Amino acid sequence: MLFRKMFREMRQNFGQFFSILILAFLALALYTGLEGNVIGGKQAREAFHKETNLADGWLYGEGFTEENLTAVRALDFVKDAELRMSVTGAAPDYNGAQVDIYLLTDNFINKPYLIEGEEYDSKDTEGIWLANTFAKEWDIKVGDTFAVSYNGITFEKTVKGLVESPEYEFRISDKDTETDFKNIAFVFLPYEGFPVPMPNTEMLVTVEGDALSHEEEIGEAIDNNYAVMIDAESVTGISRLTDEIAQHEAFSFTFAIVFVLISVLIIATTMGRMVEKQRTQIGTMNAMGLKKQKIMFHYLSYSFLLSLIGAVLGMLVGTLVFSRMMADMFASWYIVPGWKAGCDLSYAGITILVVGACTLASYFTCRKLMKVKPAEALRPAPPKQGKRCIFEKLPFWNRLGFKTQYNLRDISRAKLRALMGVAGTAVGMLMMVYGITCNSLMDQIYEWTFEKIQRFESELVLSGDISLEEADAMKEELSGELVMMDQIELAKKANAPSDQKSTQTITVVEGKGLYNLTDTKQNIMELEPGKVYISRRVADEMDVAVGDKVYWHIYTENDWHEAKIGGIYQSPDSQGITYLREDYEKTGNEFQPSILATAECISEYDSKYVTNVLTKEALTESFEAGYEMVGLLVGVMVFFSVIMIVVVLYNSGNLSFHERVKEFATLKVLGLQSAQIRSLLTIQNLWLSIIGIILGAPCGKWTLNVMMNSNGEQFDYSLKISWQCYLMSGILVLAVSMLVSFFFSKRIKRLDMVEVLKGVE
C-alpha cells in the first residue's frame, strides 16, 4: 500500500522528485567520468612502472666509474643500480626529428617496455630499439633500417624492437610547443654499438623508501662525484602526467561534493513540504496502528530510491561513456600502455555518500513531525505565529511596493528554499563564467605569449653541436636573438640537501626584445645588466624577494653559482631564473643557444645546424591544439552547470508555488490577474538569481586560475576575466531563470480557487 502511495505521489510531483534523481545522476556521472580515467591511468601506470622497474633516483654527473657503481650497489638500502649515457641526436630521414639516444650495458632499471619485436639485447651491436609511437607515426616496422645522426656523425641500425618507456609518458621535442609524436623519438642501444666512445653521465638506482632521503649517503659513497640527484617528480615525462591526474582527481571530488550539497538542499526542502502537506495522512496512519518507524521508512524511501536510481544511472553513463571518452583523449597526449577507463571501490563510497546524504536530509526533515501525537496530527497544523521579518525593520520598508514586501516576507519564512536557489545559481554562474571565458582565455594567453613574451615571426631550432661562432654569425645575418634554455638546480644555499632545492629552468637571453619577460601585470620588463630575474611561482615557493641571494648549478656540472635577485617576472608556462647573456657568461659557463628568434618571416633555412624552422603561424596552431583539452573540460562543466541551474531554479519555483498556492488563490479572489501573480514568482526567482550571480562571479576568476595552475609546477597563470564575460554569463543565467519561471504560467491559470481554499483536505 505504502509502495503504491509512493509511486502515485512521485507521479503527481514528478518535477520535484525528478530533480533529485537528476542531481544524483550528475554527481556520479561527473565523478565517474573524471575519476574513471584517473583510476584507469593509475592502474596502467602502476603495471607499466613495475614491468619496466622504474628507477627511484636519477644521478647526473660529468662521469661515473665502475667503482662508483660498485660502491652504490654495496649500500644496504640500495636494491640495484646501473650506469647509462644519454645524448640527443636527430633522424635525418624523418624531417630531422629529435632522437633521444640511451646507451646501455645492463638493463635492470627503466627497461624498455616491448610492444613488438625482440627483447632488448645488450650484446646486439647492430640493433636498435625504437619508440613505438614514433614508429607508428612514420610507418616504421621491425627489421627496417633506422638512421641516427649525432654531432655530425650518421650511423644506421636495424630496428629490432618497438618499445615504450615510463620516462616518456609525456613527450615533446625541444622544437615544439606542444606534443607532436612525429617530431620526437627515443632509442636504446648498447654502448658498443655507438660510433663514439661516451662517458657514463647517469646512474639509476632503486632503493627501499624515498630515494632523495638517501642522497647524502649515496653522495658520500661516490665522494660526491655527481651534479644532481632527482626522483620521478622531477622527470618531466613522468611528473607532467602525475600533475594532470592529480588535477582531474581533485575536480572529480570537488564537483561531486558540490552536486551532493545542492541535492541535500533540494531534498530537505522537497521532503519538508511533502511531510507538512501530508500531516493528516501521517496522523491517520498512526491512528490505524502503523508504527512510526514504518511511516518514517516510507518517507525515507522517496529520497533513498530516487537518489539510488540517479546514482546508479550516473555511474553507468560516467563509466561507459564519459570516462572512456576522457581515456581516449588522454591517449592522444600521454603514452601509457593498457590505459583504459577503470573503476574501484571509491564508486561505491561516493554512491553511499550521495544516497546517504539524501536519505539523511529526509530523515532530519521528517523526524520532527514524527514526534507529533496522532490526535494532534489529525488536525491541520496551527498557523505559524506571525512576527515581523527582519526586512520589516528596514527604515524604508513602508516605501516598498506590495510585490517587494510580499517576496521579502516569503524569503524570510522560507530561508532554506532561498538558500537552495542562491547556492545553485552561484555554482552555475561560476561554471558559466568558465565557459564564456574559454574563448577570451585563449586570446588572452595568446596575446601574453606571442605578442609580449615571444615577439618574433620565426624561430630556428639549433642543433646541440652548433658552435657559438656559427650561432652568432646566423644571428647577425637574420638580425635575431639567441636564446638558451637548460635544466638547473636552484636553492637558497650552495650544496643544499635534496629537500631544500628544486629542479628549474634557466633561460638566457640577449635582451634584444624578441624574447621578453613580463611582470605580474603582464607588462614587458626592461632587463638590467648585472641582475638575475626569478619567476613569481618559484619566488613564492622559495620565499625569496628582490635583493635576496639564490644559488644554482647546471644539471651536468657540479659547480654552484651565486646570484642576486634583481626582479620577479611571471611566465605562463616556464618557471625558473633568467639571465642576460653577458651576465651568464661571467659565471664561467658556456653559452649554448638552443633557438634563434628573428623578426623575419622565414619558413626554411639551409644549414646543418638548424633542425627545424617554426613560423609564428605554426606555433599558433600548436598552441591552439594544446588547449583543446581545456576547452573540452570547460564545455563539460558548462553543460552540467546549465542542467543544474534549470533543476535548482525549477525546483525552487515549484516549491515556492506549492507553498504559496493558497495565497495565490486568495490573491486571485481579490482580483489579481494570473500575469500579476506569475510576476511574484518571477521577481523572487530573479532576486535569488541575481544574488547567486553576484556571489558566484568573484569566485570565477579565482577558481579558474586555480584550475589552470593545478596542472603542474611549470604553469603560472594570472588570467583576467573581462566585464563583458561576467555580463554575458549573468545574462545567460538570468535567461535560464526567466525561462524556468514561465513553466508555472499554466499552473497559475488553472488554479482552482474553491478547491485550494477548502479549510480541510
Side-chain angles (χ1 to χ4, degrees), residues 38-61 64 69 72-73 75 77-86 100-115 119-122 129-134 161-172 179 184-189 200-215 217-218 226 228-246 249 330-331 333-340 342 487 498 503 555 712-713:
V38 169
I39 293 168
K42 284 184 174 180
Q43 292 171 344
R45 289 186 93 194
E46 184 178 354
F48 188 30
H49 293 175
K50 183 177 180 180
E51 178 71 21
T52 57
N53 192 23
L54 180 66
D56 297 312
W58 287 251
L59 280 82
Y60 296 88
F64 296 108
L69 181 63
V72 171
R73 284 177 171 172
L75 296 173
F77 55 84
V78 173
K79 297 178 182 178
D80 206 346
E82 68 178 52
L83 301 177
R84 74 178 185 184
M85 173 65 186
S86 67
D100 293 344
I101 306 166
Y102 290 91
L103 309 180
L104 310 176
T105 50
D106 299 324
N107 187 218
F108 309 117
I109 305 174
N110 289 2
K111 297 184 294 184
Y113 182 90
L114 185 65
I115 303 294
E119 292 282 357
Y120 176 79
D121 184 356
S122 60
W129 281 258
L130 176 65
N132 176 67
T133 306
F134 181 83
L162 303 180
V163 297
E164 290 297 348
S165 168
E167 294 176 271
Y168 286 85
E169 291 172 342
F170 171 78
R171 64 193 70 169
I172 182 172
T179 296
I184 181 161
F186 57 85
V187 297
F188 296 92
L189 69 158
N200 291 302
T201 58
E202 299 178 24
M203 183 186 295
L204 309 178
V205 296
T206 54
V207 302
E208 296 177 358
D210 178 33
L212 295 183
S213 65
H214 298 295
E215 180 178 0
E217 297 163 271
I218 294 175
Y226 75 105
V228 60
M229 179 177 178
I230 64 173
D231 61 6
E233 292 182 2
S234 297
V235 178
T236 303
I238 300 173
S239 64
R240 182 72 176 265
L241 179 54
T242 301
D243 293 335
E244 187 86 49
I245 287 176
E249 194 164 31
F330 264 60
W333 287 80
Y334 302 101
I335 305 302
V336 178
W339 189 339
K340 57 185 178 181
Q487 294 295 105
S498 58
T503 301
Y555 253 29
E713 295 182 353

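None of the values given here were measured: they were computed from a predicted structure. Values reported hereafter were calculated over all heavy atoms of this structure, with side chains retained and with hydrogens, waters and symmetry mates removed.
Rounding to the nearest 0.5 angstrom, the gap separating the CG atom in Asn53 from the CD atom in Glu51 is 10.0 Å. Rounded to the nearest 0.5 Å, atoms CD1 (Ile238) and OG (Ser165) are 7.5 Å apart. Summarising the geometry, atom CG belonging to Leu103 is positioned 9.5 Å from atom CD belonging to Glu202; distances are rounded to the nearest 0.5 Å. Taken from CZ in Phe48 to CD in Glu169, the straight-line distance is 6.0 Å, to the nearest 0.5 Å. The structure places OH of Tyr120 at 9.0 Å from CZ of Phe188, a figure rounded to the nearest 0.5 Å. With rounding to the nearest 0.5 angstrom, the CD atom of Glu233 is 8.5 Å from the CG atom of Asp243.
The closest side-chain donor-acceptor pair between Thr105 and Glu82, if any, does not fall under 3.5 angstrom.
For the side chain to side chain donor-acceptor pair (under 3.5 Å) test, no residue two or more places apart in sequence or in another chain qualifies with Lys111. The salt bridge (Lys or Arg N to Asp or Glu O under 4.0 Å) search around Asp106 returns Arg73, not counting sequence neighbours.
Using a 4.5 Å heavy-atom threshold, the side chains of His214 and Asp210 count as separate. Taking the side chain as every heavy atom from C-beta outward, Thr133 and Phe186 never approach each other to under 4.5 Å. Within the 4.5 Å cutoff, the side chain of Arg45 has heavy atoms near those of the Leu241 side chain. In this structure, the side chains of Glu215 and Tyr226 come closer than 4.5 Å at one or more pairs of heavy atoms. Residues Val228 and Gln487 are not in side-chain contact: their nearest non-hydrogen atoms beyond the backbone lie 4.5 Å or more apart. Considering only heavy atoms from C-beta on, Met203 comes within 4.5 Å of Leu83 through its side chain. Side-chain contact check for Ile115 versus Glu164: some heavy-atom pair is nearer than 4.5 Å. Side-chain atoms of Val207 and Ser213, non-hydrogen and from C-beta on, never get closer than 4.5 Å to each other.
The shortest non-hydrogen separation linking Val72 to Ala81 is CG1-CB, 4.0 Å. Pairing each heavy atom of Ala55 with each of Thr206, the nearest pair is CA-CG2, 4.1 Å. The two residues Ala131 and Ala185 come nearest to each other via the heavy atoms CB-CA, 4.4 Å. Thr201 and Ser86 make their closest contact through OG1-N, 4.4 Å (heavy atoms, listed as atom of the first residue, atom of the second, distance). The two residues Leu114 and Gly161 make their nearest non-hydrogen contact at CD1-CA, 4.3 Å.
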Please lay out, stage by stage, how Arg171 and Asp100 fare under the test side chain to side chain contact (heavy atoms under 4.5 Å, CB included). CA-CA 11 Å; Arg171 64 193 70 169; Asp100 293 344; over 6 Å; no
Intermediate values then yes/no, side chain to side chain contact (heavy atoms under 4.5 Å, CB included), Leu130 and Val163: CA-CA 6 Å; Leu130 176 65; Val163 297; over 6 Å; no
The test is side chain to side chain contact (heavy atoms under 4.5 Å, CB included); show your working for Ile101 and Leu189 and say whether it passes. CA-CA 8 Å; Ile101 306 166; Leu189 69 158; 3.4 Å; yes
Quick one: do Tyr113 and Asn132 satisfy side chain to side chain contact (heavy atoms under 4.5 Å, CB included)? Show the steps, please. CA-CA 10 Å; Tyr113 182 90; Asn132 176 67; over 6 Å; no
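Proximity of a side-chain donor or acceptor of Asp231 to a complementary backbone N or O of Leu212 within less than 3.5 Å is not detected. Checked by atom type and distance alone, the side chain of Gln43 never pairs as donor or acceptor with a backbone atom of Gly338 at under 3.5 Å. Not one N or O on the side chain of Glu167 forms a donor-acceptor pair closer than 3.5 Å with the backbone of Val235. Listed for the Asp56 side chain is no donor-acceptor partner under 3.5 Å among the backbone atoms of Ala211.
Taking a 6.0 Å sphere around CD of Glu46, one finds it holds 12 or fewer heavy atoms contributed by other residues, nucleotides or ligands.
Ring planes of Tyr168 and Tyr102: perpendicular class, angle over 60° (limits at 30 and 60°).
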